Visitor: 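Can you keep this structure in mind? I'll have questions shortly.
All of these numbers come straight from a predicted model, not from anything done at the bench. Just so you know, ligand 1 is whichever comes first in the structure, and atom 1 is the first atom listed for that ligand.
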Amino acid sequence: LQKSLLEDGNTEVVEILDAHLAMLQDPFITKDVEEKIRSNPHESAETSFLEVISDYKEKFYRRKSAFFEERIRDVVDVSTRVLGHLRPVEKVSVKHILVESILIAEDFSPSTVAEMDTNYIKGLIAKAGGSSSHSAIIARAKSIPYVAGVELDKYTDIEELIVDGFSGKVILTPTKKTKLVYFSMQKNQIETDRRLQKKAHEHTKTVDGQEVFVWGNIENVEQIGQLQKNGAFGLGLFRSESLVLSRKEFPTEEEQIAVYQKLLSCLPGKTVTIRVFDIGEDKITKKEDRFSSYRGIRFLLHNREIFETQLRALLRSAKYGKLRILLPMVVDVEEIIEVKKICRTVAEKLTEEEMISDAISPNPISIGSMIEVPSAAVLADSIAEESDFLSIGSNDLVQYTLAASRMDMRLTSLSKGYHPGVLRLCKMAIDAANLYEKDLILCGEIGAVPENIPLLLGLGFRAFSISVAEIPLIKETIRKTDLSYAKNLADKALAAKTATEVASYMQESSVKLQVTSPE
Ligand code: PEP
Ligand code: MG
């Protein structure tokens, strides 16, 4: 590893590995491991090695210093490598699981969840993650119950367990009675889904006749079928970064065209919104670091080659349908102006190369901005003026407004999204979109919660873009909502001081509006 890193000129990491090698030559380890292996012939070399390493870690812990705690990570890293050599294991993929299973892990990466076969994977339990993390969103879209924030120590020798994705509970070794309750809940759920499914293609109007549009969010082409089946008005968000995350490298122009063309040609007549890569420094690490601030449009503007390749692919695909592009993590109007300039240059170049017909500049394609950081909401008027449409990224808007990571289950109550701080920012974006007569969609998970719908309609949202699995339920909830009640509720919520106060208004009105669960 060190040799190959040296060849790549990666000197900093080489030094770290020097320290790792020194650790392996430390007599504390070498002597003890050898002695242990010799004195315990019935134990595997791996076990002996691990025992010595845990003593070593223990010594570091006892020092109670941040420096030594940091070193423990190195110890763990080295020992994982050594163990990997002692017992090389073939990499197991979730694709190899061919029996009905509930998977338990520290963490599931979004791309791992994306490749799960729902015929076999019936539930997920993880230590890390939050309810609006990408892994959770994908699990929801695939209707796989997923509970995060769970301490995993108890999960040994458990034969039966229930994963309740609705309440976020895991029940270990359930009694017969509990199992019966859950079997009946499962049956009811299947019946409700079937009933809602039948109405999924009907128009969606509130009790007092206001038409509302429900779009779908997807991360891969396999979800197109579900988007259509569930009656989405259009594709409101294609998370194109999934093309990078699943392969850990950026796809070529032609590879991207193959995907975009498929999306557009499978959804004839429907608007297809492709968001440019919302990806950052964490692009090739498995970890979902959604709090990284070097991502989205700012990353792409600093990595022109990647961005231009994607724009070329998008412009070349535009002829296959109704395509529009969406910019993630916009902070102010300067970025949009810059993107439009690049887009025009790319279009001119493609015209010269005869890759696209006629010069379609100066406005080669419809460009929208995501309002998902507080700055964009506050500056929504100038952003609306310069954008062709707006999309509120509620998952990130909540996380950045309330300083509440999407990956942290302890903060789930904040991520419900009805905090007055978030609502007032949403209102600014709604007013700006109305002023400049631009389309506005509320994108993200807060629009996928039935209890939030009256409040959001009352605020002024007329279009939602959500996980495809939730579309029929949200449509039905809208049909049951009375806009005049909803407006009243929104006025009270906007004047509220705390989320608790908003929750109490929502509670009151849900009794009147009967929105919680369509019978
Ligand atoms: C959002 O932030 O609300 C959003 C829709 O985008 P993502 O979940 O991919 O960040
Ligand atoms: Mg976002």
Side-chain angles (χ1 to χ4, degrees), residues 109-111 113-114 129-141 146 214-220 223 227 232 234-246 273-280 282-283 288-300 324-331 335 368-377 383 389-408 411 414-419 422-423 425-426 429 440-449 452 456 461 463-471 474:
S109 72
S111 55
V113 182
S131 59
S132 61
S133 69
H134 274 173
S135 306
I137 291 173
I138 299 172
R140 202 169 298 136
Y146 178 20
V214 186
W215 303 55
N217 300 341
I218 63 172
E219 358 331 281
N220 54 54
Q223 289 173 295
L227 182 112
L235 172 49
L237 173 67
F238 176 71
R239 294 184 166 98
S240 70
E241 60 278 6
S242 61
L243 302 177
V244 188
L245 292 168
S246 56
T273 317
I274 298 183
R275 179 173 72 188
V276 292
F277 302 134
D278 184 8
I279 208 157
D282 56 326
K283 64 185 178 301
E288 192 190 5
D289 179 10
R290 306 299 298 175
F291 231 60
S292 159
S293 55
Y294 189 58
R295 61 176 259 215
I297 201 60
R298 59 187 78 156
F299 173 83
L300 292 174
R324 57 184 197 173
I325 68 173
L326 183 57
L327 313 178
M329 299 286 290
V330 169
V331 164
E335 292 163 329
S369 303
M370 288 204 88
I371 306 290
E372 52 183 349
V373 293
S375 159
I383 293 176
F389 65 99
L390 298 181
S391 172
I392 293 193
S394 61
N395 301 330
D396 279 312
L397 188 62
V398 169
Q399 117 160 314
Y400 291 114
T401 304
L402 304 174
S405 166
R406 294 164 66 170
M407 293 302 293
D408 194 332
L411 303 172
L414 284 173
S415 68
K416 293 202 167 94
Y418 49 74
H419 193 284
V422 176
L423 298 180
L425 290 175
C426 286
L440 168 75
I441 291 193
L442 176 70
C443 194
E445 297 311 291
I446 70 172
V449 178
N452 291 345
L456 299 170
F461 288 113
F464 298 93
S465 193
I466 55 176
S467 291
V468 279
E470 315 294 338
I471 295 173
I474 293 305

Visitor: Heavy atoms only: which of C443, S132, S133, S467 lies closest to atom 5 (C) of ligand 1?
Guide: C443
Visitor: Under 4.0 Å from a heavy atom of G393: which atoms of ligand 1 are those, numbered in the order shown and with their elements?
Guide: 1 (C), 2 (O), 3 (O)
Visitor: Between atom OG1 of T273 and atom CZ of F238, what is the distance when rounded to the nearest 0.5 Å?
Guide: 12.0 Å
Visitor: Distance from L397 atom CG to H419 atom NE2, nearest 0.5 Å?
Guide: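 The NE2 atom of H419 is 12.0 Å from CG of L397, to the nearest 0.5 Å.
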Visitor: Quick check on contacts: which atoms of ligand 1 are under 4.0 angstrom from a heavy atom of S394?
Guide: 1 (C), 3 (O)
Visitor: Would you say R275 contacts ligand 1, with heavy atoms under 4.0 Å as the rule?
Guide: yes
Visitor: Take the Mg ion (ligand 2) as the vertex and measure to OD2 of D396 and OE1 of E372; round to 10°.
Guide: 100°
Visitor: Taking V331's backbone N and O only, do any of them form a donor-acceptor pair with S375's side chain (distance below 3.5 Å, no angle check)?
Guide: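 Such a contact is found between S375 side chain and V331 backbone.
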Visitor: Can you spot which of S369, S240, S391 makes a side-chain contact (heavy atoms from CB on, under 4.5 Å) with L326?
Guide: S391
Visitor: How long is the span from the OG atom in S133 to the OH atom in Y146, to the nearest 0.5 Å?
Guide: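 These two atoms lie 5.0 Å from each other.
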Visitor: To which of E372, R239, M329 does the heavy atom nearest atom 2 (O) of ligand 1 belong?
Guide: E372
Visitor: For the side chain of D278 and the backbone of E241, is there at least one donor-acceptor N/O pair under 3.5 Å apart?
Guide: no
Visitor: Indicate yes or no for a side-chain donor-acceptor contact from E335 to the backbone of V330 under 3.5 Å, with no hydrogens or angles considered.
Guide: no
Visitor: Nearest to atom 10 (O) of ligand 1 by heavy atom, D396, N395, L237, V398: which?
Guide: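 Heavy atom nearest to atom 10 (O) of ligand 1 belongs to D396.
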Visitor: Quick one: does H134 get within less than 4.0 Å of ligand 1, heavy atoms only?
Guide: yes
Visitor: Need the ligand 1 atom indices (1-based, order shown) with element for anything under 4.0 Å from a heavy-atom of R406.
Guide: 2 (O), 7 (P), 8 (O), 10 (O)
